[in-house]
**Q** 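Handing you this structure, nothing more for now.
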Amino acid sequence: MRIFIRRLRRILLALVIALIAVAIWKRDDLARLLAVNSLFSETKIVSNFRNMPALFFNSPIPRGSGPISELPRGAPATLPPEVATWIIDRHVTSLLVMHDGTVVAEDYLLGTAPDDLRISWSVAKSFLSALVGILLDDGAIESLDVPVTQYAPLLIGSAYDGATLRDVLQMQSGVDFDEDYLDYDSDINRMGRVLALGGSMDAFAAGLKNRSNAPGTQWQYVSIDTHVVGMVVRGATGRTITDLLAEKIIGPLGFEAEPIYLTDGNGVEFVLGGLNLRTRDYARFGQMITNGGLWGGVQIVPADWITASTTPSADTAPGAIGYGYQWWIPEGSTPGQFMAQGIYGQFIYVDQPRNVVIVVTSADRDFSADGVQAANEAMFRRIAESL
């Protein structure tokens, strides 16, 4: 009996030592997995959203050696009185409003600061859309109607085989994908764990085999479509998204701070939501879009692409919010009113006729509750109309 107990103790000791060794060996992976599981918790969400590069694989985006572009300040605007309550209700962390190319309102809340790099979530999709427009104009991408497998052969045999670049830009790939952020077992959350544990986003996309619809026949918002857009861009150019974005957009815009992209374990950019920028740099991008792609006298994004990408062209439900090429068009919008949008309340709202840009970052855990989306859109309109 004593011999058995001694052996059992040795075995248990060996198991403990093995577990400790594995924990040390995989401590970074475990830390990232824990970060994913607590990313949106009430006590951590604000801090997490301004410290994402500390939690995930990431890569800096060179801003270049050029000067910081001017973001002039205009006379302070008197915003509608209900903005103050809305800021509290929606857990807004920063708000910046531009009118006629000048900053007329700027505020940082919930302990955040102007120099924080703030997670874009799906606002990043609209940056990628702008890059696609530039590459189409350059001739690097043949057309919107090329099959995605032409530039991303890894997708042959996947649910994306037969989809075109236009299909994935419009979120009409037909791939069967569950985008429920509140369901631990949803496809979007499985993808998040792949990202956190250093897996391959390309392999994840190629591993999707089921379709809910034929490509190009029905709109369904699935963020993995944007990753496929990124695969097309990388395949067409032989370059990383980081390099292209730095050269084509970030450098010419004269950002204040070097942005950071979250990446997978292979260094592939998380293009569907991984940009981290200062609020004022989101505003620079938004103002360039408002200007029809023009910034500092240079045409950065073709004007006709901005018009095409921000016009509702996807087959969304009648009377519902519209969608273009990775841009949202709120119901009831007139031409030139559109927005980039990310979960938990990230926005760049553009009203071209009024020359208004509204940048909002938030930690709104109730972002998907009934009425919140409509209330946000109504607030943006009230702010734009008040200027």
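Index from 1, following the sequence.
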**Q** Mind listing the closest non-hydrogen atom pair of I306 and Q352 along with its distance?
**A** CG2-NE2, 4.2 Å
**Q** Once side chain to side chain contact (heavy atoms under 4.5 Å, CB included) is applied, do any residues pair with D185, and if so which ones, sequence neighbours excluded?
**A** D183, R193
**Q** Using 0.5 Å steps for rounding, measure from the CZ atom of R234 to the CD atom of E269.
**A** 6.5 Å
**Q** Compare all side-chain heavy atoms of V175 with those of P215 and state whether any distance is below 4.5 angstrom.
**A** no
**Q** For Q170 and Y325, run side-chain contact (heavy atoms from CB on, under 4.5 Å): C-alpha distance rounded to whole Å, both residues' side-chain angles, the deciding distance at 0.1 Å, then the answer.
**A** CA-CA 5 Å; Q170 292 177 319; Y325 301 143; 3.6 Å; yes
**Q** Roughly how far, to the nearest 0.5 Å, is the CG atom of D364 from the CZ atom of F40?
**A**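 That separation rounds to 12.5 Å.
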**Q** Which value, rounded to the nearest 0.5 Å, describes the distance between R118 atom CZ and L277 atom CG?
**A**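 Nearest 0.5 Å value for the CZ-CG distance: 11.0 Å.
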**Q** If we only count heavy atoms from C-beta on, is the I250 to P259 side-chain gap below 4.5 Å?
**A** yes
**Q** Answer yes or no: are there more than 12 heavy-atom neighbours, outside K209 itself, under 6.0 Å from its atom NZ?
**A**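 Counting neighbours around NZ of K209, more than 12 heavy atoms of other residues, nucleotides or ligands fall under 6.0 Å, so yes.
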**Q** Salt bridge or not for D137 and K248, using N-O below 4.0 Å?
**A** no
**Q** In this structure, which one of V232, D161, D202, T149 forms a side-chain contact (heavy atoms from CB on, under 4.5 Å) with L155?
**A** T149
**Q** With rounding to the nearest 0.5 Å, note down the distance linking OG in S120 to CZ in F270.
**A**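 So the OG of S120 and the CZ of F270 are separated by 8.5 Å.
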**Q** Any chain of hydrophobic side-chain contacts (each under 4.5 Å) joining M201 to V132?
**A** yes
**Q** Atom OH in Y344, atom OG1 in T361: separation rounded to 0.5 Å?
**A** 15.5 Å
**Q** Looking only at heavy atoms, which two atoms of Y160 and V148 are closest? And how far apart?
**A** O-CG2, 3.5 Å
**Q** Going through the distances and angles, do R284 and S69 end up as a side chain to side chain donor-acceptor pair (under 3.5 Å)?
**A** CA-CA 9 Å; R284 285 178 170 86; S69 63; 2.9 Å; yes
**Q** Between Q172 and D167, do the side chains contain a donor N or O and an acceptor N or O under 3.5 Å apart?
**A**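 No - no donor-acceptor pair under 3.5 Å links their side chains.
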**Q** How about W328 and Y221: are their ring centres within less than 6.0 Å of each other?
**A** yes
**Q** State the CG-CD distance between L165 and E142, to the nearest 0.5 angstrom.
**A**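 Going from CG on L165 over to CD on E142, the span is 11.0 Å.
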**Q** Quick check against the 3.5 Å criterion: does N48 have a side-chain atom that pairs as donor or acceptor with the backbone of L39?
**A**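 Looks like yes, one N/O pair under 3.5 Å.
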